[in-house]
Amino acid sequence: MPRLSDKSLLAIAAVVDVAVHARGAPVAAKSLAARHGLPPRRLEPVLQALVHAGVLKGVRGPRGGYELARERRRVSVAEIVRVVEGAEEEKEIILPPLVLDVVQPAVAAAEQTFDAALDTVTLEDLCRAADTKGHGSDNDRIDFTI
């Protein structure tokens with residue numbers, strides 16, 4: 001069963017949070033972390049990876065923070081996941097032939113289907129859903145631990 005990592009889910013939530021709460025001004029990392037019940041040090045590496053990939057833009061200064069680097073409709077969930085998952089180093093493991101010849105190809109096909117589905121979900125879609133469910137207010141607090 002394909003499953004997104006907690007880190008990927010946090011990254012998606014962070015980008016949605018920035019998109020929903022920006023309102024013409026950058027979203028401070030402290031505010032974002034507080035809404036998600038996380039220490040800022042847990043969130044910063046995720047945010048920085050998203051900045052380096054061009055999903056978010058970092059704004060320096062006392063009123064700095066993060067804002068979207070592109071329009072909501074031009075950011076897919078799959079892109080966010082690829083950024084975060086690509087930042088992790090994989091340990092080299094020698095895999096047996098059964099894994100290489102049978103298991104990996106089957107799982108790869110399923111992952112391609114899953115990735116294609118994620119490519120169709122945009123940040124705009126998630127922001128609309130957040131607005132519909134009332135997650136656009138500054139009083140939102142989503143408990144999310146890693």
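Since the model is a prediction, treat every value here as computed from it, not as a measurement.
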Leu10 vs Asp6, test: side chain to side chain contact (heavy atoms under 4.5 Å, CB included). Steps then yes/no. CA-CA 6 Å; Leu10 176 61; Asp6 289 346; over 6 Å; no
Between Val84 and Ser8 the two heavy atoms that sit nearest each other are CG1-N, 4.1 Å
Show your working on side chain to side chain contact (heavy atoms under 4.5 Å, CB included) between Leu4 and Phe114 and close with a plain yes or no. CA-CA 10 Å; Leu4 294 176; Phe114 184 64; 3.7 Å; yes
Hey, could you give me the NZ/CG distance between Lys30 and Leu32, rounded to the nearest 0.5 Å? 13.5 Å
Side chains of Val75 and Thr122: does their closest heavy-atom pair fall under 4.5 Å? no
Nearest heavy atoms of Ala78 and Asp119, plus distance in Å: CB-OD1, 3.0 Å
Given side chains that start at C-beta, do those of Glu85 and Ser5 come closer than 4.5 Å, heavy atoms only? yes
Taking the side chain as C-beta and beyond, is there a heavy-atom pair between His21 and Tyr66 under 4.5 Å? no
Can you measure from CG (Leu68) to SG (Cys127) and round to the nearest 0.5 angstrom? 7.0 Å
Below 4.0 angstrom, N of the basic side chain to O of the carboxylate: do Glu79 and Arg82 qualify? no
Taking C-beta and beyond as the side chain, do Val15 and Val77 meet within less than 4.5 Å on heavy atoms? no
Kindly compute the distance separating CZ (Arg70) from CG (Leu123), expressed to the nearest 0.5 Å. 9.5 Å
Can you tell me how far CD1 of Ile80 sits from CD1 of Ile12, rounded to the nearest 0.5 angstrom? 6.0 Å
From Arg128 CZ over to Arg72 CZ, what is the distance, rounded to the nearest 0.5 angstrom? 9.0 Å
Hey, are the side chains of Val27 and Arg35 touching, using non-hydrogen atoms and a 4.5 Å cut-off? yes
4.5 Å side-chain heavy-atom contact, Val51 and Lys57: no
Using 0.5 Å steps for rounding, measure from the CD atom of Glu111 to the CD atom of Gln104. 9.0 Å
Measure across Val83 and Ala49 and return the closest heavy-atom pair with its distance rounded to 0.1 Å. CG1-O, 3.5 Å
Going through the distances and angles, do Arg74 and Glu71 end up as a salt bridge (Lys or Arg N to Asp or Glu O under 4.0 Å)? CA-CA 5 Å; Arg74 298 197 184 276; Glu71 296 174 327; 3.1 Å; yes
Looking only at non-hydrogen atoms, find the nearest pair between Leu50 and Ala11 and report the distance. CD1-O, 4.2 Å
What is the minimum heavy-atom distance between Pro39 and Ala33, and which atoms define it? C-CB, 4.2 Å
